[in-house]
Amino acid sequence: MRNDATWRAGVDSGGTFTDVCLFDEATGRTVVWKVSSTPSDPSEAIAGGVAEGMAQARPDNASPASAIRYFGHGTTVATNALITHRGARVGLITSEGFRDLLEIGRQKRPSLYDMFADKPLTLVPRRLRLEVAERLRHDGTVETPLDEEGVRRAAATLRDAGVGAVAICFLYSFVDPAHERRARAIVEEELSEAFICASHEIAPEFREFERLSTVVVNAYLGPVMERYIRRLAPRLEALGMSVAPHLTQSNGGIVSFDTAARAPVRAVLSGPSTGVVAAEAIGRQAGYADLITFDMGGTSTDVALLQGGQPKLASEAVVHGYPIKAPMLDIHTVGAGGGSIAHIDSGGLLKVGPQSAGADPGPVCYGRGATEPAVTDANIVLGTLNPTHLLDGRMEVRRDLAEAAIAALGERLGLGVMETAQGVISVVTANMARAIRVISVQRGHDPRRYALMAFGGAGPLHAARLAQELDIKSVVIPRNPGILCAMGLLLTDLRADFAATRLLPAVAASAEVAEAALAPVVAEAETWFEREGVAPEARRMTRTVDMRYRGQNYELAVAAPPGPVTAESVAALAEGFEAAHLRRYGFVAEGEEIDFVTFRVEALGLVRKAALPERPPGPADPASARIGTRRVWFPETGGFADTSVFARERLAPGMTLVGPAIVEQMDTTTVAPPGARLHVDAINNLIMELA
Amino acid sequence: MTAAAPPEKPELDPITVEVIGAALLSIVDETGEALVRASYSTNVKERRDCSTALFDREGRTLCQAEHIPIHLGSFIGIVPKILELHRIEDMAPGDVFIGNDAYMGGGTHLPDIVLAEPIFVDGALVAWTVNLAHHADFADRGHAHIYQEGLRIPPIRLYRAGELQKDVQDLVLLNCQVPRERLSDLRAQMAANRVGVGRFSDLCARYGAGVVLAAGDALLDYAERKMRTAIAALPDGVFHFEDVFDGPEFETALPLSVKVEIRGDEMRIDFNAPPQQRAGANMTWTALAATTYYIVKSVVDPSVPPNAGLARPIAVNAPKGSFLNCAHPAAVNGRVQTCQRVADLVLGALAQAAPERVTACTNSACCVATFSGERAADRALWVYLETFGGGGGARPIKDGLDGVHVHVTNTSNLPVEALELEYPLTVTRYELVDGSAGAGRFRGGMGLRRVIRAEEDCLVRVDVSRTRSRSWGLLGGGRGGPGALELGPGVAPFRQDRGELKAGQWFALVTPGGGGYGPLEDRGEAEKAADAQDGVTFAP
């Protein structure tokens with residue numbers, strides 16, 4: 001690496017835009033660049049965006065991108081392939097008697113009442129699901145040895161069928177992977193070109209259908225991710241970049257491209273996870289450890305929860321209909337955004353979404369022919385959004401059209417136009433509050449103890465109302481809410497998760513065995529540190545144990561005390577488990593035995609991160625940032641109130657605003673309702689305190 | 001104590017109603033999650049055979065989580081029964097009622113144990129949080145009458161003002177074969193109720209109890225309006241349909257029939273059936289009502305919220321003391337088979353009114369196998385219950401779903417890797433059944449076949465249907481394949497619904513396929529090619 005390589009690059013490649021965020025460690029300077037995405041080959045916009053952004057940063061340099069010393073990247077390529085069903089042609093080799101399991105799943109129908117609903121597309125058609133004789137018992141003993149010739153015949157069949165990937169999944173491979181390993185070796189001999197993966201490598205945990213689904217999704221995405229990385233890497237090299245690029249995974253951790261290509265199923269939430277990672281870093285610097293993130297865009301809203309500065313992880317989730325066992329941030333998505341359409345249903349209640357106006361025709365106020373009002377139209381009518389122009393004046397809007405559409409809706413509800421507009425906001429807020437209750441109260445966390453961090457194009461607009469609905473007192477709005485995901489890539493450490501399942505009673509006598517189970521996981525993390533080139537002083541490990549009462553099926557994660565597992569730490573773990581169980585379910589099952597289930601290590605490689613420059617507070621008076629007033633309708637005032645409008649780029653640390661107030665910036669608008677107080681902190685976050 | 005008067009209910013705007021409706025949905029989802037996660041039994045923790053709901057003071061369903069439709073039957077029965085047997089003035093915060101009886105407790109069969117807890121705000125009873133778990137117990141019983149089927153529990157207090165009535169609990173547990181599982185599942189049910197009480201109280205603190213209750217009333221009215229609008233969209237008329245019910249308990253199939261009368265925005269549904277039987281497949285009134293509400297809602301408007309309001313435009317009748325509306329002391333354990341047939345019966349009648357809104361006949365069963373035995377190692381009793389999906393009915397625009405639960409149930413299967421860890425059983429095959437799909441332009445869904453080998457001696461009881469009758473196709477579509485029991489070498493023929501497996505012997509349950517929709521000649525070329533490649537064949 002060259003000595004003058006002082007820039008860090010974060011690139012968030014989304015469906016519409018590719019955001020580039022550049023940070024110079026030497027000077028603390030930040031450059032933000034946005035280009036249109038190139039969906040047919042996303043690497044084009046990524047390389048183009050980085051080149052253009054660096055040219056802005058270093059206009060006089062012939063090879064500006066050569067100054068990049070770190071490249072982090074979040075992508076939706078895996079998610080999109082899964083949603084649009086443009087993955088590889090996959091063949092499956094599985095235990096005799098179980099080829100239909102992929103289709104049967106858990107035998108539940110997709111919708112309780114809608115007889116026309118369908119299951120997600122089965123990623124491997126029946127003709128490509130082949131069985132071979134083999135069977136283990138639950139304790140790992142071999143009942144039927146692997147039919148190696150059968151595996152070879154199956155591989156040949158799949159080769160002739162022209163598959164691009166092969167998934168291998170046998171019963172109990174999480175107990176003993178020998179059959180899967182051997183089958184994999186045979187398939188490699190027969191299909192040297194294909195992407196091959198076995199379930200024990202991807203998700204060595206019990207419950208055969210979920211493991212099968214995970215390894216099949218992995219195979220389905222494998223060739224897609226390989227192709228993507230194969231295109232991107234040379235483009236970046238061509239820019240003169242000499243560093244190994246990194247990619248975010250669904251757990252918010254960042255790994256090398258090589259690691260990412262091996263387990264693409266771990267990247268299905270790569271996109272939204274970077275926003276959570278950014279929130280984590282900004283929250284840390286701003287002094288908010290307990291946060292709920294609220295990322296509201298045009299069609300959907302992603303929410304997640306961070307406790308003690310740590311985002312919550314789920315070990316399993318259903319992503320676009322497919323169960324996936326992989327560590328991922330516990331991000332919940334709801335179909336509510338600025339484009340969500342308001343309508344009255346057959347029972348006469350006002351509903352908002354999940355249908356969205358999309359970008360075209362967009363909301364009614366865009367004047368492109370839409371007649372059904374969207375959430376954006378309600379904001380235009382209320383005046384919370386600028387009623388004449390959006391995007392820093394670049395886009396004209398038609399308040400008259402929006403008002404007519406809302407008025408028509410109100411007539412059918414028997415409400416006035418302003419009450420109806422506010423009603424649309426209330427209903428969409430209730431939908432988003434439901435999403436937040438899923439990740440907070442349903443998981444045993446009281447949202448009132450958390451601050452809300454709002455970002456995305458529509459987050460800051462709705463944050464105050466959402467906070468009020470949930471009795472949240474503080475809202476944090478980062479300086480650049482629209483490019484937070486790209487920013488997050490510059491603020492995060494390298495991170496990977498490792499685990500081993502070992503069912504053991506949580507008693508003193510188990511200490512030695514527990515230590516023996518945990519030690520290899522720690523060793524695995526050490527190997528990863530080596531591979532990623534993390535210096536010893538930059539290595540951090542967090543060890544947790546998933547525990548449950550014997551017989552339960554769902555575990556609670558308990559932090560392990562430092563040092564090797566001893567009788568004392570076993571006692572501490574058991575105590576920690578009972579406390580967690582009491583908090584979550586309201587009871588401790590006296591006298592019931594407790595089991596250790598899964599030993600986990602989170603490995604953190606500290607990297608030099610972009611630190612947002614802190615500035616000392618200046619005068620509290622925001623007069624210099626005020627750019628005008630407009631009439632905004634608030635339910636608190638029961639009518640229009642003259643409301644000061646401020647320009648975000650003119651707000652400086654120390655300034656204090658009192659609601660009602662509006663803060664405008666290119667990528668979003670922040671609303672402070674009457675009674676709210678806003679101040680600008682040292683890193684230019686807007687902090688809103690609600691009464 | 002003397003309960004305070006319930007709060008006044010103000011007039012509400014439609015937006016407040018929608019906002020509070022979303023909050024109520026959150027509460028039942030959350031109580032359901034708490035129940036599943038804290039439970040121990042495979043039937044609840046893995047198969048999710050449980051439900052949660054909120055009721056208003058009068059015992060009307062405010063909101064039911066999207067779990068198992070037949071559980072609504074027990075729900076609509078229990079709170080009115082509690083109110084019949086106990087005075088509100090005597091109730092206190094922390095009282096929890098337990099009940100399961102089909103005649104004294106409003107239940108639909110004894111394994112479904114309900115815990116209902118009144119919610120108080122400012123001293124007034126304002127609502128109920130209620131949940132149900134199917135306790136996989138009371139196995140290896142007779143089904144000539146309900147006294148053979150298990151412990152009958154009328155609604156009585158399991159907790160009084162927050163204090164466990166240990167004598168009641170001891171009585172219940174002593175009558176169960178796997179008491180440790182029962183106790184832990186009851187604890188999980190308590191955990192769920194605690195969540196329900198807490199969240200509902202929070203909601204009342206935020207909006208005022210009067211507003212929340214008024215929103216509850218408005219939500220019932222809303223469901224009624226939606227239901228009426230949807231029924232009004234169907235053509236008026238009188239539609240008849242008949243089918244038979246067959247099962248291992250019966251030598252000859254029982255004839256069942258329905259008359260559906262649609263007039264304006266109301267629907268009247270009259271069933272006819274033979275007298276109640278000395279068998280487990282009788283249906284109580286609450287089971288019949290819950291099943292009928294489920295199927296009408298699914299056909300006319302699946303988006304109607306599942307609350308008591310949706311029942312208002314629907315009148316349901318069946319002769320008292322008949323197979324579909326049984327009276328004490330009829331046995332009811334296997335009522336789910338009959339529920340499935342009733343749902344398809346209504347579907348057949350509505351097909352004449354709105355063929356574009358219905359499916360062909362589903363597999364019309366909810367095949368159940370209950371294994372029980374004594375562990376060789378410690379002589380502990382074990383009970384494993386599994387329900388098996390089958391074919392969905394073909395749809396007017398696409399094939400039916402393969403191997404799914406239909407109509408009044410939607411439980412998960414038990415993963416093989418969980419099953420074999422907990423019970424001395426081995427699953428050797430689990431597959432879709434070739435030749436089970438009803439032929440048609442759109443084919444019916446395929447049935448399932450699960451082959452289970454015993455590792456230790458055990459008893460098996462099966463609850464199945466459609467082994468002798470067949471699921472009907474629509475508009476020229478073919479019939480679905482029948483269900484069957486397959487016995488491995490050496491297994492003695494089952495006596496009616498029960499048999500015995502010695503260690504090493506196997507038996508398989510084959511579930512019926514769904515009926516087809518439209519004539520097979522009209523099936524598309526691409527679909528035919530895919531059928532050939534994937535080895536999909538039709539029922540003869």
Side-chain angles (χ1 to χ4, degrees), chain A residues 96-101 103-104 106-116 118-119 125-127 135 137-138 171-172 174 206-210 345-351 413 415 419 422-423 426-427 429-431 433-434 437-438 441-442 471 549 551-554 584-587 589 592, chain B residues 13-15 17-19 22-23 25-26 29-30 33-34 37-40 45-46 66 69 181 184 187 190-191 194-195 199 222-223 225-226 229-230 297-298 301-303 359 389 392 395 401-406 410 412-413 415-418 420-421 428-432 448 451 533-535:
Chain A
E96 189 172 47
F98 291 89
R99 72 163 174 166
D100 288 331
L101 180 65
E103 218 162 321
I104 298 167
R106 298 299 294 270
Q107 83 176 0
K108 294 181 83 156
R109 63 184 182 275
S111 163
L112 200 51
Y113 300 105
D114 180 0
M115 300 185 292
F116 289 78
D118 285 307
K119 294 186 185 181
R126 207 176 192 212
R127 68 201 78 140
R135 183 69 149 89
R137 313 258 314 138
H138 63 84
L171 287 172
Y172 299 108
F174 68 99
F206 100 124
R207 290 198 188 101
E208 65 279 1
F209 168 64
E210 286 77 5
D345 75 354
S346 63
L349 284 188
L350 178 63
K351 301 279 176 180
L413 289 169
L415 292 173
E419 288 77 13
Q422 186 60 41
S426 299
V427 172
T429 302
N431 293 346
R434 266 198 86 187
R437 287 191 192 105
V438 169
V441 281
Q442 269 194 32
D471 278 331
Y549 284 120
Q552 283 183 327
N553 237 9
Y554 292 92
R584 180 74 176 271
Y585 301 118
F587 71 94
E592 287 287 341
Chain B
D13 62 82
I15 285 147
V17 175
E18 172 66 13
V19 169
L25 274 174
S26 286
D29 284 348
E30 197 189 333
E33 212 46 35
R37 290 190 168 258
S39 71
Y40 288 49
K45 72 184 178 184
E46 278 286 353
E66 290 218 349
E181 269 187 13
S184 57
R187 281 174 172 159
M190 281 302 295
R194 220 153 291 161
V195 167
R199 299 290 174 260
Y222 164 70
R225 280 196 306 278
K226 269 181 85 80
T229 307
K297 164 176 146 70
S298 296
D301 183 355
S303 73
T359 71
R395 299 168 288 184
L401 297 168
D402 297 323
V404 290
H405 265 312
V406 298
N410 200 25
S412 294
N413 53 26
V416 171
E417 292 171 350
E420 296 179 359
L421 189 67
T428 59
R429 297 191 76 82
Y430 187 34
E431 60 198 344
L432 298 171
L448 289 175
V451 184
Q533 280 188 300
D534 287 330

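We name chains A, B, ... by the order of the sequence lines, and we start the count at 1 in each one.
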For chain A, the option from [options] that forms the most heavy-atom pairs under 4.5 Å:
options: V19(B), T229(B), L421(B); value: V19(B)
options: D402(B), V17(B), L25(B), V195(B); value: L25(B)
options: E33(B), M190(B), R199(B); value: R199(B)
options: R225(B), R395(B), E431(B), E181(B); value: R395(B)
options: A191(B), G389(B), S26(B); value: S26(B)

Inspect the contact between [Y] and [X] and indicate whether a charged nitrogen and a carboxylate oxygen are less than 4.0 angstrom apart.
X: E66(B); Y: R109(A); result: no
X: K351(A); Y: E18(B); result: yes
X: R434(A); Y: D29(B); result: yes

Look up atom [atom1] in [X] and atom [atom2] in [Y], then write down how far apart they are to the nearest 0.5 Å.
X: L101(A); Y: N413(B); atom1: CG; atom2: CG; result: 7.5 Å
X: F116(A); Y: L401(B); atom1: CZ; atom2: CG; result: 11.0 Å
X: S303(B); Y: D345(A); atom1: OG; atom2: CG; result: 6.5 Å
X: D13(B); Y: L415(A); atom1: CG; atom2: CG; result: 6.0 Å
X: E417(B); Y: F209(A); atom1: CD; atom2: CZ; result: 13.0 Å
X: I15(B); Y: L350(A); atom1: CD1; atom2: CG; result: 5.0 Å

**OP:** Tell me, out of N431(A), L171(A), V441(A), D471(A), who's got the most heavy-atom pairs with chain B below 4.5 Å.
**Re:**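 Result: the option with the highest number of such pairs is V441(A).
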Identify the two heavy atoms, one from [X] and one from [Y], that lie closest to each other, and give their separation to 0.1 Å.
X: R126(A); Y: G535(B); result: NH1-O, 3.5 Å
X: I104(A); Y: G403(B); result: CG2-O, 4.3 Å
X: Y430(B); Y: Q107(A); result: OH-OE1, 3.8 Å
X: R187(B); Y: A589(A); result: NH1-CB, 3.5 Å

**OP:** Would you confirm whether D534(B), through its side chain, and R127(A), through its main-chain N or O, come within 3.5 Å as a donor-acceptor pair?
**Re:**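 Indeed, once roles are kept as given, a pair shorter than 3.5 Å links the two residues.
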**OP:** Give a yes or no on whether the backbone of E46(B) and the side-chain of R106(A) come within a donor-acceptor separation of less than 3.5 Å.
**Re:**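 Yes: the side chain of R106(A) pairs with the backbone of E46(B).
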Original post:
For K297(B) and Y113(A), what are the C-alpha separation, side-chain angles and deciding distance, and is it a side-chain contact (heavy atoms from CB on, under 4.5 Å)?
Top reply: CA-CA 7 Å; K297(B) 164 176 146 70; Y113(A) 300 105; 3.3 Å; yes
Let me know if [X] has heavy atoms under 4.5 Å from chain B in its side chain, its backbone, both or neither.
X: F206(A); value: both
X: E96(A); value: both
X: E103(A); value: side chain

Tell me, for [X] versus chain A, whether the close heavy atoms (under 4.5 Å) come from the side chain, the backbone, both or neither.
X: L448(B); result: side chain
X: T428(B); result: backbone
X: A230(B); result: neither
X: V416(B); result: both
X: R194(B); result: side chain

**OP:** For R135(A) and E420(B), run salt bridge (Lys or Arg N to Asp or Glu O under 4.0 Å): C-alpha distance rounded to whole Å, both residues' side-chain angles, the deciding distance at 0.1 Å, then the answer.
**Re:** CA-CA 13 Å; R135(A) 183 69 149 89; E420(B) 296 179 359; 2.6 Å; yes
**OP:** Please test S346(A) against D301(B) for side-chain contact (heavy atoms from CB on, under 4.5 Å), starting from the C-alpha separation and ending with a verdict.
**Re:** CA-CA 10 Å; S346(A) 63; D301(B) 183 355; 3.8 Å; yes
Subject >> Test item: V404(B) and K119(A) side chains (from C-beta on) under 4.5 Å apart, heavy atoms >> reply: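 Yes, close enough: below the 4.5 Å cut-off.
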**OP:** I would like to know whether R429(B) and D100(A) meet salt bridge (Lys or Arg N to Asp or Glu O under 4.0 Å); could you show each step before the answer?
**Re:** CA-CA 10 Å; R429(B) 297 191 76 82; D100(A) 288 331; over 6 Å; no
